[in-house]
Every structure is written in C-alpha cells, then in structure tokens.
Amino acid sequence: MTEPLPPVLLVGCGKMGGAMLSGWLERGLSRAVVVEPHGPAAAAFAGDPVVRVVATPEAIPAGFTPAAVVLAIKPQEADAALPAYARFAGPDTVFLSIMAGRTVAAIRRGVGEDAAVVRAMPNTPAAIRRGFTVACAGPGVTAAQRALCGALLAAVGEVAWVGKEELLDPVTAVSGGGPAYVFLLAEVMEAAAVEQGIPRDLARRMVRATVSGAGALLAASDEEAAELRRAVTSPKGTTERALAVLMAPDAWPALMSRAIAAATARARELAG
Ligand SMILES: NC(=O)C1=CN([C@@H]2O[C@H](COP(=O)(O)OP(=O)(O)OC[C@H]3O[C@@H](n4cnc5c(N)ncnc54)[C@H](O)[C@@H]3O)[C@@H](O)[C@H]2O)C=CC1
Ligand SMILES: O=C(O)[C@@H]1CCC=N1
C-alpha cells in the first residue's frame, strides 16, 4: 500500500481544485485544509473527516503546516490572494500552481522570492482520473518536493515534466483547453446531425458514443491518429468527401493553428 499524501493546503476548490481534491482523497490523504470563500463550491468535502474547509486564509487552523500549498484560483485573483500564504514559504513547503499563464516569478513575488514553486497545467478529465498534466519545477525545488507534486498530480491522471517554463503556455492552449475543443466538436456534430434529419436524442447518443469511442480507440491504439483516420476513410467513399471539406487548407488545419496560437498568446498575457 502506498503512503497517504502529506498535508495539503488547497486554495480554491472550484472545478479543478475540487477534481484534484477528490483524486487525493481517493489515493489517500492525511489531511487537507481548503480555503474557499464560495460555500457551495467545497460543500461536497465539508463532511470528510480529513478535510477542513475555511472561507479565508485567516481561518486556517494555527499550527497547520502543509507540505504543499496548491493554488487553484484564477490567475486574475492571484495578486490579491497570494500574500496571505507567504507565511508557508520555507524548506518544508512547496507551492503547486495550476493557474493558467501565471509565471513562477510572478507567484514568488506574491508568496516570497525564495519560495519553492512548481507550475503545472492539468485538464478537466482529472475529474475521472484521466487528466493530463504538464509540470515545470521552478528554482530551488528539491527532488522530494518535485516527487510530492508529481504524486499529487498523478492522483488525477498522467504527468509529464518539462524543463522550460515557457512551454506551459502552449501546453495550456493544447491540453489545458483541449477538452473544450473536443466538446465543441461534439456540439457541432450533433447540430449537423439534426440538420440532416436525425432526431435530437439519437443525434446526442450517436455523437457522445462516437467521440468517446474514437477517444478510447486512440488511447488503446499504438497507431498514429492519421493512421486511425485513414482506416475510416474508404477510397471514393463518404468520409473522404467530408474530410475534403474539413482538411482544406483554410479549414481545420489553419483554424486549429490559429486557435492554439490565440490561446497561447492569452496565457502569456496572464503571466502577471
Ligand atoms: N477549468 C479548466 O479546464 C482548467 C483550469 N485551470 C486553472 O485552474 C484554476 C481554477 O480554474 P477553475 O477550477 O476552472 O475555476 P473555478 O472558478 O471553478 O474555481 C476557482 C475557485 O476559486 C475560488 N476562489 C476565488 N477567490 C479565491 C480566494 N481568494 N481564495 C480561495 N479561493 C478563491 C472560487 O470561489 C472558485 O470556487 C485557474 O487558474 C485555471 O487557469 C487549469 C487547467 C484546466
Ligand atoms: O481557459 C482557461 O484559461 C483555463 C486554462 C486551461 C483550461 N482552462
């Protein structure tokens, strides 16, 4: 049996913070204090014996010493919120931020210039432990702190590490926001199915099964995505006609490239 995760202070228990906390509890967590000003957001955890939910940092129990402070608030909230956590900076605590764009340097300006900070970008499939996170350790992060952040992130899915922090901006655009692009695909496929006369309920079932089935096939297969695509595309058949529209130079290839560039640029604007 693996050791329980050490005490964690979670700042922000919204969609991502909540998904991660669920994963830690499932994996085994010794103790968590959650700072969440919006009562309903953390309500699901209020009765958990190892979780204490408080509304403000001032209400964190005296003597609580987290091994990790996980920052799961919006980047726009960071400047106001971070100084309250500066007292936790020290050799025994690592800050793990999942905020889009906000740099290690900007986080250190808030919590202390010597603080150990790991910046990471997970995604919402974390809610079903199928997340993908890319992480980058800032200056002074010890091997043990990196291992702890790795364990916290691995509780909700796969983890990859990069050495160059700048890569986290395009990562945010690709895997951070990626689930939204897939859900949009499902939305527009469903609308197109209805346009062709398929009843809405059937269209919804078909599209959910098709998108999730294709995703599962991609996950289970060693083939490249292009090869799996080609396996669907019979010469002179129906899929070929659809792909001629979707793969036109001004269609999906160019649109996806512009979309990822736009999201990457926005991540850079959120650097702080
Ligand atoms: N939603 C997503 O797909 C992903 C989001 N992220 C990042 O995760 C962070 C959180 O995003 P979401 O969970 O989507 O947002 P959210 O809005 O669901 O959660 C943020 C939570 O922080 C709480 N909060 C606001 N001010 C606070 C403060 N001063 N102290 C403590 N809690 C405070 C809010 O009440 C809310 O419950 C963002 O920085 C975002 O960039 C990262 C990867 C994916
Ligand atoms: O849209 C956002 O800013 C966040 C980061 C990646 C996914 N959601």
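Atoms within each ligand, like the ligands themselves, are counted from 1 in listed order.
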Nearest non-hydrogen partners of Arg129 and Ser22, listed with the distance: NH2-CB, 3.3 Å
Need the ligand 1 atom indices (1-based, order shown) with element for anything under 4.0 Å from a heavy-atom of Met16. 1 (N), 2 (C), 4 (C), 5 (C), 6 (N), 13 (O), 44 (C)
Is the contact between Ala180 and ligand 1 made by the side chain, the backbone, both, or neither, using heavy atoms and a 4.0 Å cut-off? neither
Can you tell me which residue and heavy atom of the protein come closest to atom 4 (C) of ligand 2, and the distance to 0.1 Å? Ala100 CB, 4.6 Å
Ligand 1-proximal atoms of Pro179, by part, heavy-atom distance under 4.0 Å: neither
Minimum-distance protein heavy atom relative to atom 12 (P) of ligand 1: Lys74 NZ, 3.8 Å
What residue and heavy atom of the protein are closest to atom 14 (O) of ligand 1, and at what distance? Lys15 CE, 3.4 Å
Look at atom 37 (O) of ligand 1 and say which protein heavy atom is nearest, naming residue and atom and giving the distance to 0.1 Å. Glu36 OE1, 2.7 Å
Salt bridge or not for Asp250 and Arg258, using N-O below 4.0 Å? no
For atom 19 (O) of ligand 1, what is the nearest protein heavy atom, given as residue, atom name and distance? Gly14 CA, 3.2 Å
Here the atoms of ligand 1 under 4.0 Å from any heavy atom belonging to Ile98 are 6 (N), 7 (C), 8 (O), 42 (C)
Please report the shortest heavy-atom distance between Ala59 and Val54, naming the atom on each side. O-CG1, 3.4 Å
Quick one: which ligand 1 atoms are inside 4.0 Å of a heavy atom on Thr124? 2 (C), 3 (O)
Is the backbone of Ala42 close enough, under 3.5 Å, to the side chain of Glu36 for a donor and an acceptor to pair up by distance? no
State whether Lys74 and Glu77 are salt-bridged, where the test is any N-O pair (Lys NZ or Arg NE/NH1/NH2 against Asp/Glu carboxylate O) under 4.0 Å. no
Show which atoms of ligand 1 fall inside a sub-4.0 Å distance from at least one heavy-atom site of Val11. 30 (N), 31 (C)
Check each heavy atom of Ala100 against ligand 1 and say whether those closer than 4.0 Å belong to the side chain, the backbone, both or neither. both
Using a strict cut-off of less than 4.0 Å between a Lys/Arg side-chain nitrogen and an Asp/Glu carboxylate oxygen, indicate whether Asp79 and Arg102 qualify as a salt bridge. yes
Within ligand 1, which atoms have a heavy atom of Ala81 less than 4.0 Å away? 29 (N)
Any nitrogen or oxygen of Gly17, side chain or backbone, less than 3.5 Å from one on ligand 1? no
Return the closest protein heavy atom for atom 6 (C) of ligand 2 as residue, atom name and distance. Gly176 C, 3.6 Å
Contact atoms of ligand 1, heavy-atom distance to Met121 under 4.0 Å: 42 (C), 43 (C)
Is Glu190 salt-bridged to Arg208, going by a charged N under 4.0 Å from an acidic O? no
Looking only at protein heavy atoms, what sits closest to atom 28 (C) of ligand 1 is Ile73 CG2, 3.9 Å
Here the pair of heavy atoms bringing Ala126 nearest to Met16 is CB-CE, 4.1 Å
Check: Lys236 main-chain N/O paired with Glu240 side-chain donor or acceptor under 3.5 Å: yes
Are any of the N or O atoms of Tyr85 closer than 3.5 Å to those of ligand 1? no
For ligand 1, which atoms sit closer than 4.0 Å to a heavy atom of His38? 35 (O)
Locate the shortest heavy-atom distance separating Ala100 from Leu270; write the atom from each residue and the value. O-CB, 3.7 Å
I'd like to know if the side chain of Gln196 reaches the main chain of Ala193, judged simply by a donor and an acceptor atom lying under 3.5 Å from each other, with no hydrogens or angles considered. no
Closest non-hydrogen atoms of Arg266 and Gln76, given as atom of the first, atom of the second and distance, are NH2-NE2, 3.8 Å
To check your reading of the model: name the closest protein heavy atom to atom 25 (C) of ligand 1, its residue, and the distance in Å. Glu77 OE1, 3.4 Å
Under 4.0 Å from a heavy atom of Gly12: which atoms of ligand 1 are those, numbered in the order shown and with their elements? 22 (O), 31 (C), 32 (N)
Among protein heavy atoms, which lies nearest atom 44 (C) of ligand 1, and at what distance? Pro122 O, 3.6 Å
Going through the distances and angles, do Glu223 and Leu218 end up as a side-chain contact (heavy atoms from CB on, under 4.5 Å)? CA-CA 8 Å; Glu223 307 263 33; Leu218 186 62; over 6 Å; no
Over all atoms of both residues, closest heavy-atom pair of Arg27 and Thr2: NH1-OG1, 3.7 Å
Which residue and heavy atom of the protein sit nearest atom 10 (C) of ligand 1, plus the separation: Ala72 O, 3.3 Å
